[in-house]
Amino acid sequence: MPLLDIRNLSIEFDSPHGRIKAVDRVNLSINPGEIRGLVGESGSGKSLVAKAIMGILNDRWYVSADRLRYNGVDLLSLSAKERRKLMGREIAMVFQEPSSSLDPNDTVGHQLHESLPMDECDVSFFKRRKWREERIKAFLHKVGIRDHKRVMKSYPHELSEGICQKVMIAMTIAYKPRLLIADEPTTVIEAGAQDQIFKLFKKLNQLNEVSILLITHDLEHVESWTKTITVMYCGQTVESGYTKQIFKQPYHPYTMALLQSMPHFNAQLSRKSQLTALSGSVPSLQHLPIGCRLGPRCPRAQKLCVEIPKMEKVRGHYFSCHFPLTEQEGKKS
Amino acid sequence: MWFYIVRRFNLFVLTVAVLYFLVFLMINAMPGELATNISGHVNPSVEQHEQLVQQYQLDKNWFNQYISFINQRIHGDFGLSFTTAQPIFDEMLKVLPATIELCFYALLVALCLGLPMGILGAVRYRKFSDHTVLGISLIGYSIPVFWLAMLAIMYFGLKLQWLPVAGRLNLLYQVDAITGFTFIDILLSDIENKRLALRDAFSHLLMPALTLALLPTTVVARIMRTAMLEELNANYIKASQARGLSPATIIFRHALPNAIQPVLAQVSLQLSTILTSAMVIEVIFSWPGIGNWLMDAIYQRDYPVISAGILVCAGFIILVSVLSDIFLIATTPQRRSAVYGSS
Ligand SMILES: Nc1ncnc2c1ncn2[C@@H]1O[C@H](COP(=O)(O)OP(=O)(O)O)[C@@H](O)[C@H]1O
Ligand code: SF4
Ligand SMILES: [Mg+2]
């Protein structure tokens with residue numbers, strides 16, 4: 001049984017132009033101990049999906065799904081209180097904008113204190129403070145923060161984005177979650193420290209069996225750190241399957257375009273030649289095309305594409321396209 | 001930080017200078033003798049007139065006059081009142097505490113009622129409580145203060161006879177004005193039944209303070225609601241929800257401290273409206289404050305008193321807004337850094 005099982009998740013909101021489906025029937029599942037990548041250009045609704053899983057979208061958004069299950073429990077039918085219990089303890093999330101994810105008016109140390117799960121504490125009341133400090137210190141060291149004293153005394157605006165992100169990661173792993181949702185965890189972290197964070201995730205995954213949903217737009221990270229991926233475009237899932245398989249043989253034109261934008265994907269690419277890219281740009285939410293949302297930009301689009309393509313499955317590899325790339329084409333380019 | 005305070009202080013000095021200049025122009029435009037209007041000496045003798053010309057440098061050009069005008073006022077010399085021939089400064093010291101007292105309690109009520117209302121509205125956004133809060137604040141905002149005051153007098157004062165309709169304290173109680181604040185004076189005095197006196201003072205205060213509080217309460221509630229809504233939608237609130245913190249912790253430990261500082265600063269900007277309605281209230285309830293005093297002065301064409309009243313009230317409001325600005329900066333780390341960044 002998958003740990004997280006999402007079937008046809010739609011997220012809508014009311015705009016002056018009527019109700020808009022920002023996320024349209026997305027499918028996603030994560031098995032226990034799996035690291036799954038969720039990729040797509042920015043604006044494709046990755047963060048929305050993550051927030052819907054956490055249940056922290058405000059009432060302007062309408063979330064509906066055929067299935068939104070965590071460990072067999074239907075998340076949408078939980079009461080706010082039950083859901084809150086699950087959050088933080090079982091599912092944790094690292095946010096995209098770290099410095100704005102910390103209370104600007106509170107020291108980092110206090111916020112860390114607050115996030116420590118106290119039910120693990122087995123020392124007497126008077127030693128709690130010390131116990132917490134020790135724990136926090138350990139977690140901060142784990143994410144690569146050396147001068148924990150200074151960091152704990154600081155307010156978020158006094159720290160760099162990278163440090164804030166590390167603090168956020170420290171907070172989430174403090175709970176020992178079973179599912180970790182990392183929304184672009186390393187975009188603001190300097191290149192050298194990125195690997196450190198990914199290694200930490202990998203270690204959590206291997207030692208503690210933490211499943212990870214790694215949201216990113218950086219395909220190289222996906223390639224090196226994830227086992228399976230789901231590709232989103234404009235609020236729709238376009239393809240999902242094993243990372244290796246998809247990188248070898250994408251079926252969906254959008255995935256293909258994404259991969260071709262990676263320099264090392266095309267080994268035979270001559271130096272200084274242009275990278276191939278789809279024409280046009282991501283449509284705005286007010287002007288979403290009907291049917292397959294890639295339609296206007298898709299080199300393979302035909303009349304049929306105004307109907308929404310069904311998810312198809314070929315050897316454990318899902319895609320939704322009326323005219324998928326065939327094996328030869330995939331290889332040729 | 002210090003840099004910022006100095007900057008604010010400069011602004012304060014400049015604004016006050018402009019204020020003095022406007023009042024100075026006004027005095028010049030008033031009918032009658034300038035020396036009389038500026039000093040309050042009606043029919044001065046020749047020597048006195050000579051002395052006033054010296055004092056206010058009336059024989060020099062307008063700039064010198066302006067400077068010496070400021071000089072006199074800053075040193076507490078506001079001239080004499082036409083009607084009582086007493087130094088205006090002393091009179092003001094008598095009436096000012098009454099106004100401050102009234103405004104203080106009204107503001108206190110406004111904060112005690114308005115802040116929780118605003119928080120409730122934001123937390124229960126678009127639910128029944130929110131609509132109730134909005135409805136109440138709209139009604140409160142639309143009711144004219146003087147009308148409400150008269151209704152209150154008619155009903156609670158005359159019909160039910162629960163509350164006294166005028167003054168600050170029953171004349172039975174002989175309390176000397178030491179600080180000018182009734183409650184403190186009663187406590188400091190050596191009259192017998194202090195508790196009765198306190199109760200009497202309280203019953204006198206109740207109606208004026210509550211009617212005066214109505215408008216600021218609704219304003220506070222709305223400002224608080226907006227600020228709180230904004231905070232509740234902030235990223236760090238989402239993040240703390242995702243960490244499973246309880247709603248109470250999120251609202252009171254995180255959202256509220258962030259929302260309340262700008263609210264407090266904005267509320268102190270409301271002081272000018274409070275002061276304006278306080279003057280109306282004072283007249284209606286015969287509250288012996290600066291509004292009553294100024295009203296009398298206007299009826300009597302007591303120009304020195306009018307100009308002094310304007311100087312003091314406007315100066316007070318400018319002072320408060322500068323102070324609240326500094327307070328806001330001092331307590332918000334985020335903003336402080338923004339200021340550093342821009343300077
Ligand atoms: N608060 C919001 N109000 C209106 N539209 C929003 C809001 N948040 C996100 N969106 C829209 O939803 C879409 C998906 O956003 P997001 O999930 O943040 O994308 P991603 O994380 O993939 O970059 C975007 O087109 C964005 O414009
Ligand atoms: S369904 Fe049509 S438009 Fe969409 S990706 Fe496939 S070929 Fe392109
Ligand atoms: Mg995002």
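Quantities reported herein were computed from a predicted structural model and do not represent experimental measurements. Numbered from 1 within each chain, the chains take letters A, B, ... in sequence-line order.
Other residues, nucleotides and ligands contribute over 12 non-hydrogen atoms within 6.0 Å of the CZ atom of Arg128(A). For Phe316(B), the CZ atom sits in a loose shell: 12 or fewer heavy atoms of surrounding residues, nucleotides or ligands are nearer than 6.0 Å. More than 12 heavy atoms of other residues, nucleotides or ligands lie within 6.0 Å of NZ in Lys21(A), so this atom counts as buried by the packing criterion.
Atoms CD1 and OG, from Ile237(B) and Ser101(A) in turn, are 11.0 Å apart once rounded to the nearest 0.5 Å. Tyr236(B) contributes atom OH, which lies 14.5 Å from atom CD of Glu97(A) (distance to the nearest 0.5 angstrom). Atom CG of Leu245(B) sits about 9.5 Å away from atom CD of Gln111(A), to the nearest 0.5 Å. One distance of note links CG of Leu229(B) with CG of Asn58(A); it measures 10.0 Å at 0.5 Å rounding. With rounding to the nearest 0.5 Å, the separation of NZ in Lys85(A) from OG in Ser246(B) is 13.0 Å.
In terms of heavy atoms, Ile56(A) sits closest to Ala242(B) at CG2-N, 4.1 Å. Shown here for Pro104(A) and Asn258(B), the closest heavy-atom pair between the two residues is CG-OD1, 3.5 Å. Closest non-hydrogen pair, Arg253(B) versus Asp106(A), comes out as NH2-OD2, 3.5 Å. Closest of all the heavy-atom pairs between Pro257(B) and Asn105(A) is O-ND2, 3.5 Å.
Heavy atoms closer than 4.5 Å to chain B are found in both the backbone and the side chain of Glu114(A). Residue Ser240(B) does not touch chain A at all, counting heavy-atom pairs closer than 4.5 Å. For Ile91(A), the part lying near chain B is the backbone, with the side chain staying farther off; criterion is any non-hydrogen pair under 4.5 Å.
Under the side-chain hydrogen bond (donor to acceptor under 3.5 Å, both in side chains) criterion, Ser115(A) pairs with Arg243(B), sequence neighbours left out. In this structure, the side-chain hydrogen bond (donor to acceptor under 3.5 Å, both in side chains) partners of Asp130(B), at least two apart in sequence or on a different chain, are Arg225(B).
Considering only heavy-atom pairs separated by less than 4.5 Å from chain B, the leading option among Met93(A), Arg84(A), Met171(A) is Arg84(A).
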